[in-house]
Chemist: 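Before we start, here is the structure in question, set down as structure tokens.
Being a predicted model, the structure only gives us computed values, none of them experimental.
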Amino acid sequence: MINQIYDVIVVGAGHAGCEAAAAAANLGSSTLLITMNMETIGKMSCNPAMGGIAKGQIVREIDAMGGYSGIIADKSAIQFKMLNLSKGPAMWSPRTQNDRMLFAEEWRLALENTPNLDFFQDMVKQLIIEGNKVTGVITSLGIEIKGKSVILTNGTFLNGLIHVGDKQLGGGRMGEPKAYGITEQLVNLGFEAGRMKTGTPPRVDGRSLDYSKMEEQPGDPNPKKFSYLDTPILKKQRSCHIVYTNETVHDILRSGFDRSPMFNGTIQSIGPRYCPSIEDKINRFAERNRHQLFIEPEGWKTIEIYVNGFSSSLPEEIQIQAMRHIPGFENVKVFRPGYAIEYDYFPPTQLKHTLETKLIENLYFAGQINGTTGYEEAAGQGLIAGINAHNKVRGKDEFILSRDEAYIGVLIDDLITKGTEEPYRMFTSRAEYRLLLRQDNADIRLTEMSYKMGLAKEDRMRKVEEKIKQSQELEDFLKETSLKPKEINPLLETINSSPVDQAYRASQILTRPNMSLEKLEKLDKIKEKSSVYSDEVREQAEINIKYRGYIEKEKENVAKLQRLENIKIPDDFDFGKISSLSAEAKQKLNKVKPKTIAQAGRISGVSPADINVLLIFLGR
């Protein structure tokens with residue numbers, strides 16, 4: 001039926017699959033995106049939001065490289081917030097609330113307008129393997145489709161099992177069938193597989209809620225956006241709301257624990273630590289008499305509301321009864337109860353940094369199949385898998401982001417080096433170089449390398465060059481401009497900062513605590529010059545001046561560790577023959593097969609003493 005041999009076949013059209021297909025096709029590979037349902041391409045399975053702490057940085061990195069997630073998020077945003085603004089710029093994290101239906105529509109339209117990309121609706125039940133290489137897929141209709149590489153982005157669909165109380169339904173999402181066949185085949189080929197759990201909260205009728213009993217959470221007064229391109233900036237926004245559970249709610253929920261699949265042994269797989277169900281929260285944090293809930297609109301026009309923080313797999317009548325004791329929910333009407341879902345995943349230590357599997361050549365995994373949670377983590381992996389599948393079939397070099405280049409690099413290195421036994425979520429604390437990996441400079445870090453590869457287009461590259469040029473101009477101006485005491489002392493007084501008795505450079509004044517470029521612009525000579533630049537350029541110049549010392553120190557640390565990154569370990573190296581290594585180190589090193597000494601040092605169970613032994617053995 002399909003006679004073409006594709007360069008890249010992508011299985012699954014969630015966030016990982018969409019980014020993988022877009023990247024491979026935009027790089028010039030003939031690409032096929034296979035999905036069980038064309039109507040659910042780019043669907044937000046859980047909350048209608050993109051970004052957040054550390055995740056927002058990933059979305060900006062995807063955008064900087066020419067991926068679509070940031071553009072789609074901007075086009076479908078109904079609210080924007082920059083989180084953590086009270087902290088330093090390394091912690092600032094953009095987040096959008098999104099119109100769920102518009103988000104999926106924009107993804108579909110973007111993909112349909114991507115050259116080299118075909119679509120097919122069916123379930124992939126088997127891979128075609130010749131020797132140790134994948135050469136295509138077989139669908140549930142028995143159709144064989146040939147491909148030079150295959151990227152699996154199956155999300156929660158591999159043998160998905162939905163739990164609502166003591167009821168169980170096979171499915172990858174509520175109302176959608178599970179996928180089967182692939183796990184069993186891969187296990188027979190020698191892959192290790194496991195089970196994970198995630199959950200989602202009830203969706204309710206917004207008309208049945210009393211918002212006067214809740215705390216309104218509007219968006220930022222001057223909303224920004226994800227994409228570095230000229231995507232629309234929000235002119236109006238929809239508010240979210242905050243409300244809290246109480247002891248009555250908790251008591252009602254506890255009454256259903258004996259029927260909870262989490263507590264009666266039905267679910268034995270591990271759920272996300274940092275996004276627990278409501279029953280898990282009241283069980284683990286029994287001392288707390290309330291938990292915060294975010295009441296999130298699902299779009300511009302819909303009345304549907306997402307009850308963030310109330311994920312549950314309790315019987316539906318218990319969920320509804322408990323919700324009716326939440327302030328403002330007394331008359332709540334429920335569209336759909338919350339549920340838990342168990343699904344197959346493959347421990348990611350079985351992958352290379354390119355996300356190609358070690359066992360089967362040209363087979364790539366991206367997204368929840370690797371044990372991650374979150375749209376953003378999935379999309380970042382999809383982008384890298386798409387790039388590397390294209391490069392592999394075209395005989396080009398592999399593309400790997402290091403830990404000092406991107407959060408995506410941290411994510412993938414964590415997965416393949418340390419593995420994960422619970423759904424992995426990105427945090428700023430996981431990145432040791434987070435001051436270098438800020439949300440404001442993702443374009444400066446990544447666009448040029450993507451442009452050279454052929455993914456980021458000319459307009460992106462020109463924008464970055466202009467941003468670098470203009471921010472340097474503004475920095476130079478602030479370093480060269482002298483301010484007399486009579487000019488700056490009144491301003492310093494407003495922020496309770498010590499007065500000066502001699503002239504200072506504007507850049508020196510800017511480094512003072514509580515001082516900002518915006519405050520400095522109250523001086524006419526500063527405002528006259530800085531006002532001609534965009535907010536993005538002004539922010540870049542300010543961060544570079546205020547945090548220069550810290551940034552330089554972090555770059556020095558990167559340079560020191562780079563020495564270990566440059567010491568390569570041969571692919572066929574047998575760690576078992578080194579008697580001085582600990583037994584645990586031998587086992588872990590032979591399993592992960594690290595490429596460098598630095599990666600070996602990041603493996604749990606490999607001690608500094610083991611690293612010294614390796615250095616001696618490798619002649620260093």
Side-chain angles (χ1 to χ4, degrees), residues 14-16 43-56 58-59 83 93 95 153-164 171-174 193-203 245 253 260-263 266-285 288 291-294 296 306-314 319 337-348 365-381 407 410-412 414-415 418-431:
H15 298 260
K43 184 172 182 177
M44 294 178 130
S45 302
C46 206
N47 63 321
M50 286 291 282
I53 295 169
K55 294 166 175 279
I58 291 176
V59 177
L83 306 181
S93 301
R95 182 186 188 273
T153 71
N154 304 80
T156 59
F157 281 78
L158 289 179
N159 293 315
L161 185 63
I162 292 169
H163 299 266
V164 183
R173 269 190 299 249
M174 187 64 82
R195 294 284 276 176
M196 278 190 178
K197 175 196 88 80
T198 190
T200 194
R203 312 295 201 270
T245 61
L253 292 170
S260 166
M262 277 187 56
F263 299 127
T266 308
I267 293 178
Q268 296 188 337
S269 48
I270 300 172
R273 177 187 300 266
Y274 302 103
C275 190
S277 64
I278 188 66
E279 55 262 41
D280 199 19
K281 286 181 199 171
I282 63 176
N283 186 53
R284 277 166 50 190
F285 308 109
R288 295 192 187 175
H291 292 285
Q292 191 176 56
L293 304 176
F294 292 91
E296 302 180 349
Y306 180 91
V307 190
N308 194 341
F310 205 83
S311 289
S312 180
S313 58
L314 286 165
Q319 294 184 38
Y339 63 86
I341 181 166
E342 289 186 286
Y343 55 94
D344 294 338
Y345 87 106
F346 293 84
F365 292 171
Q368 282 172 292
I369 192 172
N370 292 335
T372 59
T373 153
Y375 307 146
E376 304 81 6
E377 290 92 337
Q381 293 171 69
Y407 270 92
V410 174
L411 164 69
I412 293 173
D414 274 359
L415 290 174
K418 300 172 182 175
T420 187
E421 294 177 352
E422 61 183 50
Y424 177 102
R425 180 178 178 180
M426 178 52 75
F427 288 104
T428 49
S429 58
R430 294 191 190 273

Chemist: Counting only heavy atoms from other residues, nucleotides and ligands, does the tally under 6.0 Å from CD of E421 exceed 12?
Modeler: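 It does not: E421 CD has 12 such atoms or fewer within range.
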Chemist: Counting N and O atoms only, with roles assigned by atom type, does the side chain of K281 sit under 3.5 Å from a partner on the main chain of G309, one being a donor and the other an acceptor?
Modeler: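 Yes; at least one donor-acceptor contact below 3.5 Å.
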Chemist: Any non-hydrogen side-chain atom of E377 less than 4.5 Å from a side-chain atom of H15?
Modeler: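 No, too far: nothing below the 4.5 Å cut-off.
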Chemist: Quick check for you: to the nearest 0.5 Å, what is the distance between T245 atom OG1 and I282 atom CD1?
Modeler: 8.0 Å
Chemist: With heavy-atom distances below 4.5 Å as the criterion, would you say the side chains of V307 and Q319 are in contact?
Modeler: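 With C-beta onward as the side chain, the pair stays apart.
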Chemist: Quick one: does N370's side chain have a donor or acceptor within less than 3.5 Å of a partner on F365's backbone?
Modeler: yes
Chemist: Can you tell me how far CE of M426 sits from CD1 of I53, rounded to the nearest 0.5 angstrom?
Modeler: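 I53 atom CD1 to M426 atom CE measures 13.0 Å (nearest 0.5 Å).
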Chemist: To the closest 0.5 Å, what do you measure between CD1 (I162) and CE (M174)?
Modeler: 5.0 Å
Chemist: For S312 and I278, work out which heavy atoms get closest and say how close.
Modeler: CB-CG2, 3.9 Å
Chemist: Kindly give the heavy-atom pair with the smallest separation between G338 and V164, and that separation in Å.
Modeler: O-CG2, 4.1 Å
Chemist: When you measure from the side chain of E279 to the backbone of S313, do you find a donor-acceptor pair of N or O atoms at a distance under 3.5 Å?
Modeler: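 Such a contact is found between E279 side chain and S313 backbone.
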Chemist: Would you check, one step at a time, whether the test side chain to side chain contact (heavy atoms under 4.5 Å, CB included) holds for T153 with Q381?
Modeler: CA-CA 9 Å; T153 71; Q381 293 171 69; over 6 Å; no
Chemist: What's the separation between atom SG in C275 and atom CG in N308, rounded to the nearest 0.5 Å?
Modeler: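 The SG atom of C275 sits 7.0 Å away from the CG atom of N308.
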Chemist: Please tell me if the side chains of R425 and P272 come closer than 4.5 Å, counting only heavy atoms from C-beta onward.
Modeler: no
Chemist: Please give me the minimum heavy-atom distance between M50 and Y375, naming the atom from each residue.
Modeler: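 That closest heavy-atom pairing would be SD-CD1, 3.8 Å.
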Chemist: Specify the closest pair of heavy atoms between A193 and P347, including all atoms of both residues, with the distance to one decimal.
Modeler: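 Between these two residues, the closest heavy atoms are CA-CD, 4.1 Å.
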Chemist: Give a yes or no on whether the backbone of V59 and the side-chain of E376 come within a donor-acceptor separation of less than 3.5 Å.
Modeler: no
Chemist: Using side chain to side chain contact (heavy atoms under 4.5 Å, CB included) as the criterion, list what pairs up with T200, not counting sequence neighbours.
Modeler: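 Listed in chain order: C46, R203, Y306, R336, Y339.
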Chemist: Taking L161's backbone N and O only, do any of them form a donor-acceptor pair with E342's side chain (distance below 3.5 Å, no angle check)?
Modeler: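 Side chain of E342 to backbone of L161: no pair is present.
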Chemist: Going by heavy atoms in the side chains, are T428 and Y407 under 4.5 Å from each other?
Modeler: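 Of all side-chain heavy-atom pairs linking Y407 with T428, at least one is under 4.5 Å.
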Chemist: Taking T156 for the side chain and G172 for the main chain, is one N or O donor matched with an acceptor at less than 3.5 Å?
Modeler: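 Yes, the answer is positive, given that a donor and an acceptor are paired below the 3.5 Å cut-off.
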Chemist: Would you mind reporting whether Y424 and T372 have side-chain heavy atoms less than 4.5 Å apart?
Modeler: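 Yes, close enough: below the 4.5 Å cut-off.
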Chemist: Are the side chains of M196 and Q368 in touch, meaning some heavy atoms are under 4.5 Å apart?
Modeler: no
Chemist: Any heavy-atom pair between the side chains of P202 and F310 that's under 4.5 Å?
Modeler: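 Yes, their side chains come closer than 4.5 Å.
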Chemist: Of the non-hydrogen atoms in H163 and P261, which two are nearest, and what is the gap between them?
Modeler: CB-CG, 3.8 Å
Chemist: Where do S93 and A54 come nearest, in terms of heavy atoms and distance?
Modeler: OG-N, 3.3 Å
Chemist: Counting C-beta onward and ignoring hydrogens, is there a side-chain heavy-atom pair between T198 and Y343 closer than 4.5 Å?
Modeler: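 Yes - at least one pair of side-chain heavy atoms lies under 4.5 Å apart.
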